[in-house]
Amino acid sequence: MLNFDFYNPTRIIFGKGRIADLAKAVPAGAHVMILYGGGSIKNNGVLDEVHAALRAHKTSEFSGIEPNPSYETLMQAVEQVRNEGCDFLLAVGGGSVIDGAKFIAAAVQFEGDPWAILEKRGANITRALPFGSILTLPATGSEMNSNSVVTRKSLKAKMSFASRLVYPQFSILDPTKTFTLPVRQVGNGVVDAFVHVMEQYLTYPVDAPIQDRFAESILKTLIEEGPKALAEPENYDVRANIMWCATLALNGLIGAGVPHDWATHMVGHELTALFGLDHAQTLAIVLPSMLRVRRDSKREKLLQYAARVWDLHGGDENMRIDVAIDKTQQFFEQMGVKTRLRDYQLGGENIDAIIKQLEDHRLVTLGEQRDVTLAVSREVLEMSI
Ligand code: NZQ
Ligand code: ZN
């Protein structure tokens, strides 16, 4: 096992009816800026519940944080938070709103141009406003991690930062609040969580059986529960299981002491920045080819994955690897997330632009072995047409 630090201060408040616990979770006397997206929380009653729970607090609102939150929108929120003197943020929504809150929390107190936070990937943050979240879309794990991804539309740059100063103080996870998710977002969420596990699991063995078995249990649970969420949208237990899977997939636990890949995510971010695809759509396109192209360096883990996650035992090893990757791709399709560039009206003519973005962002050696060069990324994209 590799050396590691594990730190996670986020309190998880899980279950039906838990938004009522907001009043206790938010510091007494705080002036709370409620941050949200395009309005789903107005339609499903979540915003009303938030106001009811915070009736003893002073509150303000900022709405319009879009999917793949933009620097441009978030800077408007920063200005409003400063003008109104809010001292606590509450993100209500999916990963985009929570990531947005992390950036706002850091930018409000930042001296100088806040774009530097993204250029330095968070290393220059010395303080941040405290915040909590109410999660309405299980997918990113942002509710219990210190990462944030922000897009600067004017530069077509989708950049991430991380800092231990931007963990949510608490996150409320009420699975009933996910009943209103559109089918597309249910599929996206399951695929994103699945790929988070793969980025931390499907590398090379370092004798870390507990991390491996945690990872495999999350993958198997997503495979079992994901299709049920599509078939029975109001099945509470299914939603609860998916929600907790997505949080555990990226809260530091399974990634402690093991190598990480993240090449699929890095290539995927460029697809979103250039063409506006949903985050999970990009992962569904890239991951299967990424595994096929890198099957030699990932061979041992691919065989373990084939055996333990897909119950493929015996017979030719190469065949087992092929089938495991095919099954992964079929699972994404089953969740309603298409897995080919052409499914999104993209093709070989777009690949040069993607490679140029990777080069401009200095993403020229990715993956756990740093061997995903631009040539390898190109091969992966060509295989994904
Ligand atoms: O904006 P509203 O109206 O709220 O609608 C949202 C949005 O349109 C809707 N939605 C959310 N909850 C709903 C709902 N609709 C009905 N009922 C509900 N309960 O869903 C749409 C998508 O929301 P978004 O927050 O964009 O989705 P997601 O949670 O997938 O977040 C994606 C963002 O997170 C980043 C991605 O890159 C992307 O920018 N990621 C963040 C990570 C992290 N912080 O660790 C890791 C990930 O790998 C990822 O990169
Ligand atoms: Zn992701």
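Predicted model, so just to flag it, every value in this text is computed and none were measured. Residue numbers run from 1 in the order of the sequence given. When a ligand or atom number is given, it counts from 1 through the structure's own listing order.
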Provide, to 0.1 Å, the distance between atom 32 (C) of ligand 1 and the closest protein heavy atom, together with that atom's residue and name. Ser96 OG, 3.7 Å

Is the closest side-chain donor-acceptor distance between Gln169 and Thr10 under 3.5 Å? no

Between CG of Asp192 and NE2 of His279, what distance do you get to the nearest 0.5 Å? 3.5 Å

Numbering as shown, the atoms of ligand 1 that approach Lys158 to under 4.0 Å (heavy-atom distance): 36 (C), 37 (O), 38 (C), 39 (O)

Run the contact test for Gly39 against ligand 1 with a 4.0 Å cut-off on heavy atoms, strictly below, and give the result. yes

Atom 2 (P) of ligand 1 sits nearest the protein heavy atom Gly38 N, 3.3 Å

Suppose we measure from atom 30 (O) of ligand 1 to each protein heavy atom; which comes out shortest, and what is that distance? Ala139 CB, 3.9 Å

Between Asp352 and Lys356, is there a salt bridge with N-O shorter than 4.0 Å? no

Backbone or side chain, does any N or O of Pro67 fall under 3.5 Å from an N or O of ligand 1? no

Residue His265 vicinity, atoms of ligand 1 by number, heavy atom under 4.0 Å: 48 (O)

Determine, stepwise, if the pair Phe62 / Tyr36 fulfils side chain to side chain contact (heavy atoms under 4.5 Å, CB included). CA-CA 7 Å; Phe62 181 91; Tyr36 61 98; over 6 Å; no

Evaluation steps, side chain to side chain contact (heavy atoms under 4.5 Å, CB included), between Gln200 and Asp261: CA-CA 6 Å; Gln200 302 164 87; Asp261 183 339; over 6 Å; no

Which is it for Thr136 and ligand 1 at heavy atoms under 4.0 Å: side chain, backbone, both or neither? both

Beyond-backbone contact of Ile98 with Leu135, side-chain heavy atoms, under 4.5 angstrom: yes

If you measure from CG on Asp278 to CD on Gln185, what distance do you get to the nearest 0.5 Å? 5.5 Å

Inspect the contact between Glu368 and Lys298 and indicate whether a charged nitrogen and a carboxylate oxygen are less than 4.0 angstrom apart. yes

Does Lys338 pair with Glu333 as a salt bridge, N-O distance under 4.0 Å? yes

Just need the protein heavy atom nearest to atom 49 (C) of ligand 1, so name the residue and atom and give the distance. His279 NE2, 3.3 Å

Here the vertex angle at the Zn ion (ligand 2) for NE2 of His265 and NE2 of His279, given to 10°, is 100°

Test of understanding: given a 4.0 Å heavy-atom threshold, classify the contact between Thr180 and ligand 1 as side chain, backbone, both, or neither. both

Of Leu181, Thr176, Ile65, which has the heavy atom at the shortest distance from atom 18 (C) of ligand 1? Leu181

Looking only at non-hydrogen atoms, the one of Asn145, Asp99, Thr151 nearest atom 45 (O) of ligand 1 is Asn145

Just to confirm my output: which protein heavy-atom neighbour is closest to atom 28 (P) of ligand 1, and how far is it? Gly95 N, 3.7 Å

For atom 42 (C) of ligand 1, what is the closest protein heavy atom, and at what distance to 0.1 Å? Thr140 CB, 3.7 Å

Any atoms of ligand 1 less than 4.0 Å from a non-hydrogen atom of Lys177? List them with their elements. 19 (N)

Does any N or O of ligand 1 fall below 3.5 Å from an N or O anywhere on Lys102, backbone included? no

Those atoms of ligand 1 less than 4.0 Å from some heavy atom in Pro182: 15 (N), 16 (C)

Kindly give the atom name of the N, O or S atom of His196 closest to the Zn ion (ligand 2). NE2

Contact region, Ile98 to ligand 1, non-hydrogen atoms below 4.0 Å, reads neither

Answer with yes or no after comparing the ring centroid distance for Phe194 and Phe332 against a 6.0 Å cut-off, counting only values under it. yes

Which of the ligand 1 atoms, numbered from 1, are nearer than 4.0 Å to a heavy atom of Ser142: 44 (N)

With heavy-atom distances below 4.0 Å as the criterion, list the atoms of ligand 1 near Gly37. 1 (O)

Check: Tyr167 ring centre within less than 6.0 Å of Tyr7 ring centre: yes

Tell me, which N, O or S atom in Asp192 is closest to the Zn ion (ligand 2)? OD1

What is the closest protein heavy atom to atom 6 (C) of ligand 1, and at what distance does it sit? Ser40 OG, 4.5 Å

So, Arg239 and Glu234, do they make that salt bridge, N to O below 4.0 Å? no

From CA spacing to verdict: side chain to side chain contact (heavy atoms under 4.5 Å, CB included), Ile34, Val92: CA-CA 7 Å; Ile34 301 168; Val92 189; 4.0 Å; yes

Would you call Val149 a ligand 1 contact, heavy-atom distance under 4.0 Å? yes

Provide the number and element of each atom of ligand 1 under 4.0 Å from a heavy atom of Pro69. 39 (O)

For Ser160, is the nearest heavy atom under 4.0 Å from an atom of ligand 1? no

Would you call Asn235 and Pro233 a side-chain contact if the rule is heavy atoms closer than 4.5 Å? no

Could you identify the single nearest non-hydrogen protein atom to atom 27 (O) of ligand 1 and state the distance to 0.1 Å? Leu137 CD1, 3.3 Å

Kindly indicate whether the side chain of Leu90, heavy atoms from C-beta on, has any atom under 4.5 Å from the side chain of Phe131. no

Quick check on contacts: which atoms of ligand 1 are under 4.0 angstrom from a heavy atom of His269? 37 (O), 50 (O)

Measure centre to centre between the rings of His265 and His196, then say whether the value is under 6.0 Å. yes

Check the pair Phe103 / Asp99 against side chain to side chain contact (heavy atoms under 4.5 Å, CB included), numbers first and verdict last. CA-CA 6 Å; Phe103 178 76; Asp99 282 7; over 6 Å; no

Logged contact type for Glu66 with ligand 1, heavy-atom cut-off 4.0 Å, is neither

